[in-house]
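Comments concern the structure below.
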There are 2 protein chains.
Amino acid sequence: MKRNTWQREAVREALETSEGFVSAQALHSGLHATGSPIGLATVYRALADLASEGEADSLQQDGESIYRACTPNTHHHHLICRNCGLTVEIEADEVETWAQKVAAQNGFTQANHIVDVFGLCTSCSPG
Amino acid sequence: MKRNTWQREAVREALETSEGFVSAQALHSGLHATGSPIGLATVYRALADLASEGEADSLQQDGESIYRACTPNTHHHHLICRNCGLTVEIEADEVETWAQKVAAQNGFTQANHIVDVFGLCTSCSPG
DNA sequence: TCGGTTTTGACAATCATTATCATTAAGGGC
DNA sequence: GCCCTTAATGATAATGATTGTCAAAACCGA
Ligand SMILES: [Zn+2]
Ligand SMILES: [Zn+2]
Ligand SMILES: [Zn+2]
Ligand SMILES: [Zn+2]
């Protein structure tokens, strides 16, 4: 049975109070800065668990995994600011059906997909 | 000025004769197996160059970068078999316009996107 | 409270990738 | 073709994120 520890809760809270995506290292640093003695390995484990339970989304950036608390529990994608990390959750049936169609047309089964849109948010756009 | 070396050419050829996406390590192993004395660092450099010149596509998988020779020189995406690596190149205006639309609607500029579809190809599908 | 089991965390180990830097070899000018 | 400048190579060390180890601590049901 899975146990409730303050460490898991601390990671969950830290994730929820983060604006955009954060790395395990960054989240660990942030917790330490507030005086939490949580270990780095524990942060990695907690984030992996949250992601596998569908409570967090993750994506790869610059060779590291970054995570974000996931409010809706449904399948969705993200629009992410390359500069400040601001993230908007996107649900798009168009893309879902397109992905399924493309897979089926080519004889592929058990399809899934990775779809992320990056850009500069209003605050970070030049001009 | 960029120089032509047999090493670059060897990497380019190895990439072109590979079926799906390959990692730098795998490509280096393959070259060694054929007797080539090319160095690992050189393979990394050549792949990075090819990717930046638009002659190869790359994506992240399991924390490593994998590459593939890119026949058309236009923007496109991939449908990849999770089991054997077979890759189909996909061009889809639907997704391109969708990505632009989503970014614009949210005030994002300079948008780009990552779109990959994974599945099991006909040969690798069960049943 | 007690005890079996899970979780933690300090640390070592792993693994892909990058930096270093002395040596090699393009390729332009002669 | 021969030199010479300089980019490219490659053996190796360094980096950095992530995972494995395992004794000690924490959960939680009985
Ligand atoms: Zn921004
Ligand atoms: Zn989707
Ligand atoms: Zn396949
Ligand atoms: Zn596209």
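To find a chain, count down the sequence lines: A is the first, B the second, and so on, and within it residues start at 1.
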For the pair made of [atom1] in [X] and [atom2] in [N], what is the distance, rounded to whole Å?
{"X": "B:Glu64", "N": "C:dT17", "atom1": "CD", "atom2": "C1'", "value": "11 Å"}
{"X": "A:Leu47", "N": "D:dA17", "atom1": "CG", "atom2": "P", "value": "14 Å"}
{"X": "A:Ile38", "N": "D:dA25", "atom1": "CD1", "atom2": "C1'", "value": "15 Å"}
{"X": "A:Lys2", "N": "D:dG29", "atom1": "NZ", "atom2": "P", "value": "15 Å"}
{"X": "A:Ile66", "N": "D:dT18", "atom1": "CD1", "atom2": "P", "value": "10 Å"}
{"X": "A:Glu9", "N": "D:dA26", "atom1": "CD", "atom2": "P", "value": "18 Å"}
{"X": "A:Gln61", "N": "D:dG16", "atom1": "CD", "atom2": "C1'", "value": "16 Å"}

The residue, A:Arg45 or A:Leu40, whose nearest nucleotide of DNA chain D is more 5′ is A:Leu40

Is there a side-chain polar atom (N or O) of [X] under 4.0 Å from OP1 or OP2 of [N]?
{"X": "B:Asn4", "N": "C:dG27", "result": "yes"}
{"X": "A:Gln60", "N": "D:dA17", "result": "no"}
{"X": "A:Gln7", "N": "C:dG9", "result": "yes"}

Taking the minimum atom-to-atom distance to the side chain of [X], which one of [options] wins?
{"X": "B:Arg8", "options": "C:dT8, D:dA8, D:dT18", "answer": "D:dA8"}
{"X": "B:Tyr44", "options": "D:dT21, D:dT9, C:dA16", "answer": "C:dA16"}
{"X": "A:Thr5", "options": "C:dT17, C:dT8, C:dG27", "answer": "C:dT8"}

For residues 4-25 of chain A, pull every pair meeting ring pair (Phe, Tyr, Trp, His ring centres under 6.0 Å), keeping only residues two or more places apart or in separate chains.
-> A:Phe21-A:His78

Where each residue is assigned the nucleotide of DNA chain C containing its nearest heavy atom, which of A:Pro37 and B:Met1 is assigned the position nearer the 5′ end?
->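 Counting from the 5' end, the first nearest nucleotide belongs to A:Pro37.
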
Above 12 or not: heavy atoms from other molecules or residues under 6.0 Å from CD of A:Glu19?
->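 No - once you tally the heavy atoms of other residues, nucleotides and ligands closer than 6.0 Å, there are 12 at most.
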
Sorted by number, the residues of residues 18-35 of chain A with heavy-atom contact under 4.0 Å to DNA chain C =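 Correct list: empty, so none.
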
Euclidean distance, A:Thr109 OG1 relative to B:Arg82 CZ, rounded to 0.5 Å |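 Nearest 0.5 Å value for the CZ-OG1 distance: 8.0 Å.
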
Straight-line distance of B:Leu27 CG to B:Tyr44 OH, nearest 0.5 Å |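 If we round to the nearest 0.5 Å, B:Leu27:CG and B:Tyr44:OH are 11.0 Å apart.
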
Going by heavy atoms in the side chains, are B:Ile90 and A:Trp98 under 4.5 Å from each other?
-> yes

Donor-acceptor pair (no angle test) under 3.5 Å: B:Arg3 side chain, C:dG28 base = no

Taking the six-membered ring for Trp, are B:His113 and A:His77 ring centroids under 6.0 Å apart?
-> no

Between A:Arg68 and A:Glu89, is the closest basic N to carboxylate O distance under 4.0 Å?
->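 Looking at A:Arg68 together with A:Glu89, the answer is yes, because their closest N to O distance falls below 4.0 Å.
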
